[in-house]
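Everything below concerns the one structure shown next.
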Amino acid sequence: MWHYFWAHTVYHCTRFRVSSSVNNWFIAAVASIIVSLCFVFPHIWVLGVRDYYVLYCSGPMYNMTAVSLVFTLIMTTFCFVFVLMDRIHTSMKILFHFFGLVDFVFGLFFVSDSISFRFCASMTPVMYALFDVFTALTVVSTDEHEERRRSLCANR
């Protein structure tokens, strides 16, 4: 869910260009793209030492990390689109929210698998640390999104 949460945050941060100056919008857009790209590098670094992880951990951590990389690349693409386009078409918004739903389901699997991968912590510490960080991001972003939804519904 953190993929959807970050892209959604980038969308709303870059919508302030109407009310703020162009210089502030440009700085926010460049910072959003740089941070979005920084999420890709840990995946590539961990997946780059594939043989080590496949040999020493019997769980599907490598496969989950590869799927997480795909979700991160899709998230980065949405961030680029949201930063570069002034008006977002309705079909793009529907596709983005469908991505959020699929990311939520993946987040559930990711969290449950990271709990069951405790035996890999000593064998594959780097990949397990990546799992812990992304699990924490998933749990925090899902909780934050749910609290925001509840507060919006209560104000109606």
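Every value quoted in this text rests on a predicted model; they were computed, and no experiment measured them. Just so you know, residue 1 is the first one in the sequence shown, and it goes up from there.
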Approximate separation, where rounding is to 0.5 Å, of [X] [atom1] and [Y] [atom2]:
X     : Y      : atom1 : atom2 : answer
Leu73 : His3   : CG    : NE2   : 9.0 Å
Ser68 : Phe109 : OG    : CZ    : 14.5 Å
Leu84 : Ile33  : CG    : CD1   : 5.5 Å

Exercise for the section: Tell me, with the steps shown, if Phe71 and Phe106 meet ring-ring contact (aromatic ring centres under 6.0 Å, His included). Expected result: CA-CA 9 Å; Phe71 273 95; Phe106 173 70; 4.7 Å; yes

Practice task
Write down the atom of Val83, the atom of Val10, and the distance for their closest heavy-atom approach.
Solution key: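 Looks like CG2-CG1, 3.8 Å.
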
Practice task
State, to 0.1 Å, how close Thr65 and His43 come at their nearest heavy-atom pair, and which atoms those are.
Solution key: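 Nearest pair, atom of Thr65 first, then His43: O-CD2, 3.6 Å.
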
Exercise for the section: Begin from the C-alpha positions of Tyr4 and His97 and carry the test side-chain contact (heavy atoms from CB on, under 4.5 Å) through to its verdict. Expected result: CA-CA 8 Å; Tyr4 173 77; His97 290 297; 2.8 Å; yes

Problem - In one Ile/Leu/Val/Met/Phe/Trp/Tyr side-chain cluster, 4.5 Å: Ile94, Phe99 - result: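 Hydrophobic grouping puts Ile94 apart from Phe99.
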
Handout entry: Single-linkage hydrophobic cluster, 4.5 Å side-chain cutoff, Leu101 and Met75 together
Key =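 No, no single cluster joins them.
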
Problem - Thr72 vs Trp2 side-chain heavy atoms within contact, under 4.5 Å - result: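 SC-SC contact between Thr72 and Trp2 confirmed.
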
Practice task
Determine the sole option in Phe78, Trp6, Phe82 for which the side chain to side chain contact (heavy atoms under 4.5 Å, CB included) test with Ser36 is passed.
Solution key: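 So, applying the side chain to side chain contact (heavy atoms under 4.5 Å, CB included) to Ser36 and each of Phe78, Trp6, Phe82, only Trp6 qualifies.
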
Handout entry: Chi angles and distances behind the side-chain contact (heavy atoms from CB on, under 4.5 Å) call for Val81, Met92
Key = CA-CA 9 Å; Val81 168; Met92 180 65 73; 4.1 Å; yes

